[in-house]
Each structure stands twice: as structure tokens, then as C-alpha cells.
Amino acid sequence: VVLSLRSAISADGTVDAETPAAANLAAPAGGQASHAEATASSVERLWPNLARLKGAVVELDEGFAALELGDQPGPHGREWTYQKEAWFDSGDVTVVEDAESPASPSKALRYRFSEGRTGGGSPARAVNRGSKPYKHLYIGFYVKWNVPWDEHRVLDKILYWGEQDRITAGQNPGQFFVFRQAGLIRVNLQFAQDYEGQPHRRDAHRMIPQPAAGEERLAATRIDDGKWHLVEIICNQSTDGTPNGRLRVWVDNVLQFDFKNVRFNPSRDALFRGLDLDPVWGGIGDRKQQTDYLYFDHLLMAGSNEEQD
């Protein structure tokens with residue numbers, strides 16, 4: 001099944017399973033399905049936890065089908081911007097054929113990490129700042145690491161998201177990020193104020209859960225190099241500076257974390273906005289012992305300002 005969610009959203013960007021599906025949606029075995037049935041089924045299969053976000057509005061639906069990401073604007077006309085010159089021309093980031101790509105038709109965005117590369121940077125950084133701010137955010141993406149992946153001894157970052165107030169102030173909004181560590185997916189709420197009543201310095205990294213404190217996991221789905229994995233995140237903002245926010249992370253539709261009582265902002269409601277596709281190898285220090293490749297097949301971001309369960 002090949003699906004862009006633009007075929008399943010209404011004119012205002014909200015998810016609408018009754019909107020006719022794209023013409024190339026596959027019908028289930030044994031008969032023809034209606035367009036609405038095919039669309040709803042395909043959205044649920046590709047993004048199984050998107051429906052948990054009530055009133056979801058799709059802000060970014062990127063299939064990486066074109067070399068220039070700006071050629072594929074979102075449903076509201078918003079596009080990517082690039083933080084480094086000639087980021088495609090270097091050859092470190094390009095769109096390649098991948099017959100096993102699960103969501104987009106045989107295309108994938110590939111990052112190259114050359115042998116000898118030092119820790120602490122990514123080949124390139126793509127930034128989406130045009131999305132509207134939301135109280136609640138969904139991020140889903142398909143990702144694959146080559147076999148075998150040379151994992152940094154500290155962590156391998158994947159992407160960041162942040163808050164509207166930091167963008168308005170001209171600061172880097174990427175204060176929250178998802179990363180790989182020891183073959184597992186983890187999250188970092190670098191600028192969150194506290195979790196379960198445990199305060200920390202605002203300028204200190206807050207890895208949730210902290211490695212020293214144990215995993216505190218609901219599940220531990222290991223990353224299998226060479227295979228596509230689906231990572232989904234739902235982040236619910238705290239209100240009035242109280243610790244009532246929530247963060248959930250799924251890997252391959254298995255819930256890994258469900259952190260409650262998170263206070264993201266110390267004093268007020270702050271809306272989530274923006275996303276950075278910036279896969280940093282590290283941590284700092286170390287050098288790549290081999291040339292590695294990281295692939296993204298599809299990336300979806302949706303938001304909602306509706307009351308959530």
C-alpha cells in the first residue's frame with residue numbers, strides 16, 4: 001500500500017477517514033474495499049497510534065520521494081529549510097531506491113556517516129518551523145540502520161522537537177529529542193522542569209529514564225539493524241506550570257514508555273512547534289570505524305489543541 005496522508009485529510013488538515021483514498025491503495029484480499037475503508041485501514045496500518053491523538057491535524061507528511069524536500073510541501077504549504085549549504089551536493093544526504101521501504105514507494109532518505117567522522121554532529125540538518133503551534137503533538141517515522149551499525153558509545157540522536165516560545169525568542173527549539181542507545185530507542189526531555197516530582201537543572205540533560213535509575217520500561221523492543229522500524233511519539237503539554245504533561249513512545253506499535261506527571265514548562269502553557277531532522281552521531285568524541293548509512297522512509301507530524309483523554 002502506498003499512502004500519503006494528504007489523501008486522508010480534510011481541507012483544514014484534520015484526519016478524515018471518509019475522504020477518498022489515493023487511487024493506488026490496495027484492496028484487501030477477497031474483494032474490493034471502499035475508498036473510505038481502504039484509507040482508514042491504511043492510515044491505521046502505517047501510523048497505528050495516530051488515532052490516539054484526538055482532533056489530529058496533519059502538519060507534515062513527508063515521503064522523501066523527491067531529492068529536494070522543498071518540492072513536497074505539507075498540506076498547509078509549509079516546506080523544509082536547510083541549515084547547511086549544499087547539503088545534498090555533498091553526497092552525505094540523498095534520496096535512494098529501497099524496495100523494502102514500508103510507507104513510501106521504493107524511496108528513502110539516506111544519511112551517510114563516513115569512516116573517521118568524529119562524534120557530535122550530523123551530515124546535515126533539515127528544519128521544519130512552519131507548522132502551527134499545538135498543545136499536543138504526534139510524531140511518527142520509519143527508520144533503518146545498516147548492518148552492522150557502528151553505534152556511538154554514548155548515544156545516536158535521531159530527531160528533535162521543541163516549544164513555540166523558544167522559536168519566538170530566536171533560540172534553538174530542539175530541547176526534546178529521540179535517540180538510539182545500546183540498541184534501544186530512548187527519549188530526552190532536556191529542558192523539561194521535572195518528572196514525577198524530581199526537579200533538575202534546566203541546563204542539564206534529562207534522559208528519561210536516566211540510565212543510572214534503571215530502565216523503567218514497559219517494553220524493550222530492540223533495534224534490528226537492516227530492518228525498518230516505526231517510532232511513534234505522542235507528547236501532551238503540561239498546563240499552568242503544573243506537572244500534568246505526558247509522553248508516550250512506541251516502537252513497532254509496542255508501547256515502550258508512558259511518562260506521566262511531566263512538567264515541560266515551569267510557569268505557563270507552552271505550545272509544541274517545529275521539528276528538526278538532525279541525526280547526530282554522539283555524544284562527543286570517538287570516530288566512526290566504518291562508513292555507515294541511516295535511512296528514513298516517511299515522517300509524519302500532527303498536532304491537536306483539543307482536550308485529550
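Residues Asp297 and Ala103 approach most closely at OD2-N, 2.6 Å, considering heavy atoms. Listed here is the closest heavy atom pair of Leu277 and Tyr111: O-OH, 3.5 Å. The two residues Phe259 and Val187 make their nearest non-hydrogen contact at CE1-CG2, 4.3 Å. Shortest non-hydrogen contact noted between Asp98 and Ala108 is CB-CB, 4.2 Å. Across all non-hydrogen atoms, the minimal contact from Ser101 to Ser106 is OG-N, 3.1 Å. Nearest heavy atoms, Ala302 versus Leu50: CB-CD1, 4.0 Å.
The cationic atom of Lys157 (NZ for Lys, CZ for Arg) lies less than 6.0 Å from the six-membered ring centre of Phe177 and within 45° of the ring axis. Cation-pi check for Arg117 over Trp281 is not met; the charged atom does not lie both under 6.0 angstrom from the ring centroid and within 45 degrees of its normal. For the pair Lys144 and Tyr295, the cation-pi test (distance below 6.0 Å, angle within 45°) is passed.
Taking the six-membered ring for Trp and the full ring otherwise, the centers of Trp47 and His298 sit less than 6.0 Å from each other.
With hydrogens and angles ignored, the 3.5 Å screen pairs no side-chain donor or acceptor of Asp252 with any backbone N or O of His229. The closest donor-acceptor contact from the side chain of Arg112 to the backbone of Leu294 lies at 3.5 Å or more, if one exists at all. Looking only at distances, a side-chain donor or acceptor of Gln181 sits under 3.5 Å from a matching main-chain atom of Val154. The backbone N or O of Asp150 sits less than 3.5 Å from a side-chain atom of Asp292, completing a donor-acceptor pair. Here the side chain of Ser238 pairs no donor or acceptor atom with the backbone of Gly245 at under 3.5 angstrom. The backbone N or O of Tyr160 sits nowhere less than 3.5 Å from a side-chain atom of Asp276 that would complete a donor-acceptor pair. Between the side chain of Asn188 and the backbone N or O of Val178, no donor-acceptor pair lies under 3.5 Å.
Asp278 and Ser122 share a donor-acceptor pair across their side chains, judged by distance under 3.5 Å alone. Counting only N and O atoms by type, the side chains of Asp225 and Asn146 include no donor and acceptor under 3.5 Å apart. Side-chain polar atoms of Glu115 and Thr291 form no donor-acceptor pair below 3.5 angstrom. In this structure, a donor-acceptor pair under 3.5 Å is absent between the side chains of Ser304 and His136. Under 3.5 Å, the side chains of Glu232 and Asn49 contain a donor-acceptor pair of N or O atoms.
The closest side-chain heavy-atom distance from Arg110 to Val93 is not below 4.5 Å. Contact of the Leu46 side chain with the Tyr142 side chain is registered, since non-hydrogen atoms from C-beta on lie closer than 4.5 Å. Taking the side chain as every heavy atom from C-beta outward, Ile234 and Leu137 never approach each other to under 4.5 Å.
The side chain to side chain contact (heavy atoms under 4.5 Å, CB included) with Tyr138 is formed by just one residue from the set Val58, Val57, Leu300; it is Leu300.
Note that CG of Leu230 is 8.5 Å distant from CZ of Phe141, once rounded to the nearest 0.5 Å. Taking CZ from Arg246 and CG from Asp309, the interatomic distance works out to 9.5 Å, rounded to the nearest 0.5 Å. Put simply, CD1 on Ile284 and OG1 on Thr118 are 10.0 Å apart, with the number rounded to the nearest 0.5 Å. Taken from CG in Leu247 to CG in Asp258, the straight-line distance is 8.5 Å, to the nearest 0.5 Å. The CG atom of Asn236 lies 9.5 Å from the CG atom of Asn244; values are rounded to the nearest 0.5 Å. The CG atom of Asn305 lies 6.0 Å from the NZ atom of Lys135; values are rounded to the nearest 0.5 Å.
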>> Between Arg52 and Trp250, does the side-chain contact (heavy atoms from CB on, under 4.5 Å) criterion hold? Intermediate values first, please.
In response: CA-CA 12 Å; Arg52 297 179 186 275; Trp250 292 263; 3.5 Å; yes

> What's the verdict on side-chain contact (heavy atoms from CB on, under 4.5 Å) for Gln256 and Leu218, showing C-alpha distance, side-chain angles and the deciding distance?
Replying inline: CA-CA 5 Å; Gln256 309 291 299; Leu218 300 176; over 6 Å; no

> Is there a ring pair (Phe, Tyr, Trp, His ring centres under 6.0 Å) between Trp149 and Phe113 once you walk through the steps?
Replying inline: CA-CA 10 Å; Trp149 174 260; Phe113 297 80; 5.5 Å; yes

>> I'd like to know whether Glu307 forms a salt bridge (Lys or Arg N to Asp or Glu O under 4.0 Å) with Lys54, so could you lay out the CA-CA distance, the side-chain angles of the two residues, the decisive distance to 0.1 Å, and finally the verdict.
In response: CA-CA 8 Å; Glu307 189 86 15; Lys54 292 173 58 177; over 6 Å; no

> Should Leu255 and Val249 be marked as a side-chain contact (heavy atoms from CB on, under 4.5 Å) after you check the CA-CA gap, both sets of side-chain angles, and the distance that decides it?
Replying inline: CA-CA 6 Å; Leu255 183 62; Val249 180; 5.9 Å; no

>> Show, in sequence, the C-alpha distance, side-chain angles and deciding distance for Val143 and Val231, and conclude whether the side-chain contact (heavy atoms from CB on, under 4.5 Å) test is met.
In response: CA-CA 8 Å; Val143 62; Val231 178; 4.3 Å; yes

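Between Trp161 and Phe176, the ring planes are tilted. Angles from 30° to 60° get that label.
By the neighbour-count criterion of 12 heavy atoms within 6.0 Å, atom CD of Gln290 is densely surrounded, having more than that number from other residues, nucleotides or ligands.
Comment: Glu59 does not engage Lys132 in a salt bridge, judged by the lack of any side-chain N to carboxylate O separation of less than 4.0 angstrom. Ionic pairing of Glu151 and Arg180 is present here: one or more N-O contacts between side-chain nitrogen and carboxylate oxygen are shorter than 4.0 angstrom.
Follow the hydrophobic side-chain contacts under 4.5 Å out from Val147 and you never reach Ile185; the two are in separate clusters. Trp228 and Val254 fall into different hydrophobic clusters, where Ile, Leu, Val, Met, Phe, Trp and Tyr side chains are chained together by heavy-atom contacts under 4.5 Å.
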